[in-house]
There are 2 protein chains.
Amino acid sequence: MTVMTGPRHPRRSDALSRARILEAAIEILDTEGEGGLTLRAVTAHLSTGRGAIYHHVTSKDDLLAAAADSIVAAVPGETVRELALGVFEAIDAHPWAGAQLARDPSQPAVLRLWKRVGAALTGLGVTGPARSDAGAALVNYVLGAAAQHAAGARRAADGVSRRDYLEKLAAEWAASDDDELVRESAALLAGHDDRRQFLAGVDIFLAGITR
Amino acid sequence: MTVMTGPRHPRRSDALSRARILEAAIEILDTEGEGGLTLRAVTAHLSTGRGAIYHHVTSKDDLLAAAADSIVAAVPGETVRELALGVFEAIDAHPWAGAQLARDPSQPAVLRLWKRVGAALTGLGVTGPARSDAGAALVNYVLGAAAQHAAGARRAADGVSRRDYLEKLAAEWAASDDDELVRESAALLAGHDDRRQFLAGVDIFLAGITR
DNA sequence: GACATGCTTGGACCGGCGGTCCAATACTCG
DNA sequence: CGAGTATTGGACCGCCGGTCCAAGCATGTC
């Protein structure tokens, strides 16, 4: 009864489509971060209403999973190291994807990663059940490292430089505990390079696999 | 002006405290899952209002981080293997903690894990910068694997048995692609044991650092 | 014992979210 | 040209996290 439908709506000339919506979502995610992706923001971006969006997309999760998949799909690389580094850099550039990938192993993006890692391992001569174990270890490591790095990257994006972020984190750690290990880690944090450390981890796993 | 304060409130006999609130939050998380944790659910559980909760806790994130920390704090183990397995089992029992740990590297629970892993590595004779790299790799692997496993455990908890879940996932995978790797993986999924595979990953890591 | 001060409590309130529904329009095909 | 279908936009719903505040209790001071 209180329903009061507004003005009537001619069909838009720039056709709405799943692809266009995905594109808008990724742009919002990249500029505003994960918290900025709301269906209202998407509708505003595309000058449309919610109903139109839901006609092409089943839910916000659907949108996020598809966005993450398109990021992973664009990662280049054949070998394990190339692939791992590619995923790392993609997530460095799109931190929201790091959180998304860690969320659900059955989403398309993760399946895609599995397949490529599997192929790379085959190229290394690893097959059978050993390949499953090695693949799982690599995928889990890459996703875990990416998620952790992405959380830092998200913070660092808030106008704070990475250096300041690390210094603040080091101070936090040092203040929280007198433990010798923590102090040493906090000191190392200053010259810390996530990317280098990530690759060191990949090499540890590769060393473990190839023997 | 429309403010209409209700009946007056005597101080409760069962004192509210951060510890009691944390306890209630963990119970809700364990029974309802991560989505079930709302401040409204917490107030209902403790028969109080929101203001009282926020007097002891600064935000919902604060509550989640503290809950995860108390889970990690309860994990037993000294060696790398014991520790890793302990975290895995804790997250198997509390899947919401898996998602939470992957969210932010600077939260207390992750710092706690870092310290214990560092000590375990020292026990293995790994020190200096190599310990940082190895520690990062291990922590990232454990958190990544835990997050992925937790997502599965959350699904499996929805009245569906783990076996059914795996079968459905295998069918999904097989249907999505004709790739040989995917089919092989789907077949392996039937007899799959996350825990065994997790430990296999830890062993790959250990083999990688001890050479 | 009286009084002032500060800690604790519960609920009204606010802005915003994801998702559903539906009337109205534009295409498509016989 | 008429019937049926796909598309569109926005009103609406129930819920959420967080803020605010008036009222009541505990405690310290003289």
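Side chains included, hydrogens not; waters and symmetry mates left out as well; all remaining heavy atoms used. Note that the coordinates shown come from a computational prediction; the quantities given were computed from them, not determined experimentally. Quick note on labels: first sequence line is chain A, next is B, and so on, each numbered from 1.
- L63(B) places its CG atom 14 Å from the C1' atom of dG18(D), with the value rounded to the nearest Å.
- Between A102(A) and A147(B), the closest heavy-atom pair is O-CB, 3.8 Å.
- As rounded to whole Å, 13 Å separates atom P of dC15(D) from atom CZ of R50(B).
- Following rounding to the nearest Å, D62(B) (CG) and dG17(D) (P) show an atom-to-atom distance of 14 Å.
- When all heavy atoms are compared, the tightest approach of R103(A) to R154(B) is O-NH2, 3.5 Å.
- Below 30°, between 30° and 60°, or above 60°: for F205(A) and F205(B) the angle between ring planes is between 30° and 60°, a tilted geometry.
- The residue from I71(B), D69(B), V110(B) that alone fulfils the side chain to side chain contact (heavy atoms under 4.5 Å, CB included) condition with L101(B) is V110(B).
- For the contact set between residues 51-61 of chain A and DNA chain D, defined by any heavy atom under 4.0 Å, the members are G51(A), A52(A), H55(A), H56(A).
- Closest of all the heavy-atom pairs between E78(A) and A120(A) is O-CB, 3.3 Å.
- Here D92(B) pairs with nothing under the salt bridge (Lys or Arg N to Asp or Glu O under 4.0 Å) rule; sequence neighbours left out.
- Taking both residues in full, the closest heavy atoms of G36(A) and I28(A) are given as O-CG2, 3.5 Å, listed atom of the first, atom of the second, then distance.
- No option in L83(A), V75(A), D194(A) other than D194(A) meets the side chain to side chain contact (heavy atoms under 4.5 Å, CB included) test with F88(A).
- Sorted by residue number, the members of residues 27-42 of chain B with any non-hydrogen atom under 4.0 Å from DNA chain D read L37(B), T38(B), L39(B), R40(B).
- To the nearest angstrom, P of dT8(C) lies 11 Å from CD1 of I21(B).
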